[in-house]
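Here's the structure, in structure tokens; my notes come after.
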Amino acid sequence: MAYDHKSIKDKVDSYHKDSNDFYVDTSKEGKNKFYSLGMFPYPSGNAHMGHVRVYTLSDVKARYKKLKGCDVIHPMGWDSFGLPAENAAIKHKVRPDLWTEENIKKMKYEQLNIAGWSFDWDKELNTSSPDYYKWTQWLFLEMHKAGLAYRKEDYVNWCPVDKTVLANEQVIDGRSWRAGAIVEKRLMEQWFFKITDYCDKLWDGISKLKNWAPEAVSVQKNWINKNTGTVIHFNVPEFDEKIEVFTTRPDTLFGVTALVIAPEHPLAAKILEKHPSKEVEDYVNASLKKSAVERMQNKEKTGVNTGVKCRHPFEGDCKYPEVDVWIGDYVIADYGTGAVMCVPAHDTRDFEFAKKFGLDIIEVVSNPEGEGELSEAYTEDGDLINSGEFNGMNNRKAIKAITESLDKNNKGEATTTYQLKDWSVGRQRFWGCPIPMVHCDSCGIVPVPESELPVELPKASDADMEDGVLNLKNFPDFVNTTCPSCGKAAKRETDTLDTFLCSSWYAFRYLDNKNDTNIFDSKNVNNFMPVDFYVGGLEHAAQHMIYFRFITKFLNDRGYINFDEPVDHFFCNGMVKMGGHKMSKSRGNVVVPTDAIDKYGADAIRMYILSDTPAELDVDWEDSGIKAKYDFIKKNYNAIENFLAETKDIKAEKGNLKDYPGQDFLYNYYATLKEYEYSMEQNLFHKGVANIHAFSNHILKELNKRKFLEASGADRDYAGTFKFIIKEFLTSAGLIIPFFTEVLLKEHYGVESLYNQTFGEIEAAYLTKSTVNVVVQINGKKKALLEVDKEISEADIEKLAFENADVMRTVEGKNIVKKIYVKGKIYNIVVK
RNA sequence: GCCGCAGUGGUGAAAUUGGUAGACACGCUAGACUUAGGAUCUAGUGCUUCGGCGUGGGGGUUCAAGUCCCUCCUGCGGCACCA
């Protein structure tokens with residue numbers, strides 16, 4: 001029957017209708033376990049090409065490992081809380097839970113089941129379902145118990161469009177990651193997770209991320225950003241306290257001509273209280289009002305001198321034993337200590353600041369041009385000058401020496417600082433996991449007892465959405481409760497949790513998704529974690545991956561799991577574009593996966609999405625490309641189906657390969673199989689597609705050459721062996737193109753499930769030929785190619801080489817200096 | 001500014017890690033078959049003055065470099081008044 005992708009799909013669907021071939025029992029220790037995971041989707045109701053790429057990648061890897069005999073888990077679920085659901089629900093006046101439910105159904109039964117993705121649906125989970133978010137709440141309570149969930153009043157990132165607080169990770173260039181609005185700083189009391197307690201563990205763990213995409217490792221590094229330096233104490237006698245500054249350049253300490261603190265620094269308020277000054281007050285207020293963007297964009301240094309003095313730790317030895325305390329908004333409040341020492345001579349920012357406000361510039365590191373008026377800060381190395389007892393010392397050495405000296409006198413110490421901030425987890429939105437906390441007038445903030453979990457979201461009715469905004473505050477039945485501690489009337493917390501918390505532990509839950517007494521059974525998780533192959537976009541390398549790692553380290557510390565990094569191999573796939581642009585409705589360049597599959601079949605789309613471009617890079621969709629894959633599949637199906645139908649009476653058996661007349665074919669076949677295995681092992685999926693083309697080229701050529709269908713003689717006798725090779729080919733290629741291959745395997749070989757086959761055995765004997773090609777080079781340039789016996793002696797090679805006309809011509813009239821023979825590969829003649 | 005990734009035919013790219021550069025495709029050129037071709041098949045396709053020359057530029061190591069070292073240029077991504 002001629003190729004028809006629709007009837008083929010129907011057949012494959014019927015094979016798997018009543019079975020879950022992709023089920024794996026996670027309570028048992030996996031045999032060579034393999035966890036292949038594509039980042040779970042947000043159920044928007046529309047699967048797009050990005051999903052096709054991600055899940056085809058996780059699927060091909062899962063299928064490959066399965067053929068290699070591993071116990072593979074390849075689950076799927078829904079990241080269903082969050083703003084888009086809520087916004088869409090408000091817009092369409094549908095309850096968010098019902099809207100989400102509809103979308104999940106649509107995606108599950110109409111979009112994610114048509115491309116042959118081998119999901120184990122038994123493991124399905126949904127983060128907005130109470131049986132899931134019960135455990136998100138439990139996790140929050142565990143954090144709280146450990147002292148890692150806390151409230152504090154702080155300047156938070158406020159998105160004026162979405163009317164919610166954002167995590168630092170959700171602010172990109174000062175703008176909200178979703179709405180794109182300029183983020184304001186607001187002083188609010190908020191729930192935080194103390195991820196900063198894990199800075200050192202998260203930083204040290206980076207060295208274990210050997211199989212992560214290098215870009216993703218870089219993102220982790222930049223985000224945590226460990227810096228070693230020195231904290232130096234400057235006493236402020238008037239206030240009887242000290243200002244601690246953080247610096248990586250303690251060697252320049254003797255060049256300090258001012259101290260600059262951030263407007264948010266606690267001392268700023270104290271100074272204002274004691275010395276009311278309109279100038280200082282206006283400056284501080286103006287700075288606090290400025291958005292992060294404004295502060296960043298305005299590179300011109302601003303500041304104000306408070307007139308308050310502080311003492312230099314080496315006051316006896318330096319030019320300025322006493323310096324003024326300034327307030328400047330170029331100092332960042334939440335990095336280091338929120339205060340810096342101003343060394344104009346050796347820091348470009350301080351130099352600018354000093355020039356603008358007429359501060360003195362004292363050189364303390366000598367530069368090759370000698371002391372004199374500097375036109376810019378000198379930031380290179382040199383020997384110290386004007387630095388008391390440290391004069392003449394190389395500044396690198398001085399970093400250590402000065403720190404040690406400060407430490408000895410209790411005026412400072414070596415320290416490390418991180419850029420990572422605590423994780424703000426509260427959101428002022430309805431469609432999220434409720435925070436299981438109660439506010440009681442008598443007892444304060446009290447956790448909801450574990451036995452009362454989950455704290456369920458109220459079912460919002462259409463009426464609740466009349467004003468266009470959903471907020472838990474507006475649900476009295478939800479808000480009003482009793483205090484778990486004293487029993488008096490109390491109010492529930494109405495913030496919900498950042499959805500990144502929901503997605504920080506879903507990979508664990510897949511392994512025990514029906515557990516209603518524990519978040520998961522540790523045994524299951526230890527059996528199958530860490531994730532061996534995690535596929536997703538680089539855009540999740542900062543937020544999601546750092547939270548995922550954090551929660552893993554936390555659960556490890558609490559003894560729930562026995563590993564401390566969640567992902568072995570993080571594979572960052574590129575985007576699917578069209579015409580060089582991201583697919584988008586407004587641009588009108590969207591290819592809908594279901595349409596493409598309807599037209600060309602899932603085999604074609606799978607093969608195409610993996611072909612030509614490495615999966616890490618962006619790929620440009622071209623209709624001519626998928627058409628070519630469709631034609632390829634049709635051609636192969638028809639040729640192979642025809643062969644198999646005509647040789648029904650011949651049994652497929654390996655037989656004695658040595659008797660098979662097509663020895664070149666066998667060599668090519670096994671060489672390709674070896675390459676294909678390598679491609680799959682190394683995640684070179686586009687090469688895998690190229691290997692399938694190569695397989696096909698060899699097979700169709702052989703089919704044509706041997707004329708199995710016409711012959712009755714010797715060639716016909718070998719059809720059984722050839723049939724066996726075809727079976728192996730269909731099995732291997734089935735990783736990428738599982739539809740037509742499975743139909744042929746089922747109908748002509750009686751194979752029950754493509755997924756449970758084994759990867760073809762590579763016949764090493766065929767990979768070594770009796771002859772080899774030896775390249776003859778002169779001075780490393782190829783001159784001739786000799787096909788010779790594998791065991792040929794060097795003397796014989798030499799003889800053959802010098803008989804070659806091209807070699808003779810090139811060598812003529814030159815001195816032969818040296819001859820090098822690399823056995824079976826190269827014979828190089830060095831001439832002068 | 002710092003960190004990471006990359007630069008190879010007309011195009012996407014390969015080169016299993018120092019040993020025949022351009023596998024496999026797309027496109028293109030010729031031919032065959034066909035009522036037709038945006039189908040299929042066959043052959044060709046890095047450049048070339050046919051000596052050679054070719055992996056962003058320039059140095060270097062080596063018998064041998066796309067691959068290793070130094071240096072510069074360009075593009076992409078991340079961080080960034082981070083002290």
Side-chain angles (χ1 to χ4, degrees), chain A residues 172-173 213-225 227 229-230 245-250 252 260 295-302 328-332 334-343 346-350 352-353 379 417-419 538-539 541-542 572 574 608 611-614 616-620 622 624-625 627-629 631-632 634-635 638 672 674-675 677-679 681-682 684 686-697 700 704 773-786 809-810 817-822 824-831:
Chain A
I172 294 147
D173 292 334
E215 301 92 325
V217 176
S218 159
V219 168
Q220 290 278 311
K221 264 189 198 160
N222 283 334
W223 202 260
I224 302 167
N225 193 17
N227 221 333
T230 306
V245 305
F246 173 77
T247 181
T248 55
R249 295 291 306 273
T252 64
V260 189
R295 263 170 92 160
M296 211 162 63
Q297 277 166 350
N298 183 16
K299 298 268 178 182
E300 174 101 1
K301 296 285 170 292
T302 62
D329 72 1
Y330 78 96
V331 179
I332 292 163
D334 48 12
Y335 181 75
T337 56
V340 301
M341 58 184 204
C342 180
V343 185
H346 306 291
D347 181 280
T348 51
R349 294 150 304 184
D350 296 344
E352 269 179 63
F353 191 75
T379 55
T417 184
Y418 297 91
Q419 197 172 308
L538 188 58
E539 70 271 19
C572 291
Y608 176 61
S611 68
D612 296 333
T613 303
E616 294 91 334
L617 306 180
D618 290 348
V619 66
D620 207 66
E622 284 179 66
S624 62
K627 175 71 168 45
K629 295 299 179 246
D631 291 340
F632 171 84
K634 187 169 78 176
K635 178 175 75 178
N638 289 339
T672 306
K674 195 178 176 210
E675 273 196 47
E677 183 184 46
Y678 180 82
S679 302
E681 207 59 63
Q682 301 292 317
L684 304 168
H686 65 308
K687 264 198 78 186
V689 172
N691 300 144
I692 288 179
H693 277 284
F695 275 133
S696 166
N697 291 345
L700 297 188
N704 195 38
N773 290 330
V774 173
V775 178
V776 181
Q777 300 180 334
I778 294 171
N779 293 344
K781 301 247 186 271
K782 180 181 163 190
K783 287 293 162 198
L785 186 62
L786 304 174
R809 181 173 45 76
T810 316
V817 181
K818 206 173 176 184
K819 298 164 199 161
I820 290 140
Y821 178 52
V822 182
K825 280 185 178 164
I826 300 279
Y827 184 74
N828 192 13
I829 304 160
V830 185
V831 299

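Every chain is numbered from 1 and lettered A, B, ... according to where its sequence line falls, protein lines coming before strand lines. Please read all numbers here as calculations on a predicted model, not as lab measurements.
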Under the criterion salt bridge (charged side-chain N to carboxylate O under 4.0 Å, His left out), I'd like the reasoning laid out for A:K627 against A:D631: C-alpha separation, chi angles, the key distance, then a yes or no. CA-CA 6 Å; A:K627 175 71 168 45; A:D631 291 340; 3.2 Å; yes

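- Nucleic acid contact for A:K221: none, since no nucleic acid atom lies under 4.0 Å from a heavy atom of the residue.
- Side-chain N or O atoms of A:E352 include none that pairs as donor or acceptor with a backbone N or O of A:E300 at under 3.5 Å.
- At a cut-off of 3.5 angstrom, the base of B:C24 holds no donor-acceptor pair with the side chain of A:K687.
- When the nearest nucleotides of RNA chain B are assigned to A:S611 and A:E622 by heavy-atom distance, the more 5′-ward of the two goes with A:S611.
- Side-chain N/O atoms of A:N222 and base N/O atoms of B:C79 include no donor-acceptor pair closer than 3.5 Å.
- Residue A:I829 is classed as having no contact, given no heavy-atom separation below 4.0 Å to the nucleic acid.
- For A:N227 and A:T248, the side-chain atoms include no donor-acceptor pair closer than 3.5 Å.
- If you check every strand for non-hydrogen atoms under 4.0 Å, A:N691 touches nothing.
- Counting non-hydrogen atoms under 4.0 angstrom, A:D631 reaches the backbone sugars and phosphates but no base.
- On the C1' atoms, B:G46 is 10 Å away from B:G10, given to the nearest whole Å.
- For A:I826, the listed nucleotide lying nearest its side chain is B:U20; candidates were B:U20, B:G4, B:A13.
- Of the residues near RNA chain B, A:E215 and A:L700, the one whose nearest nucleotide (by heavy atom distance) lies more toward the 5' end is A:E215.
- Within 4.0 Å of A:K635, counting heavy atoms only, lie sugar-phosphate atoms of the nucleic acid but no base atom.
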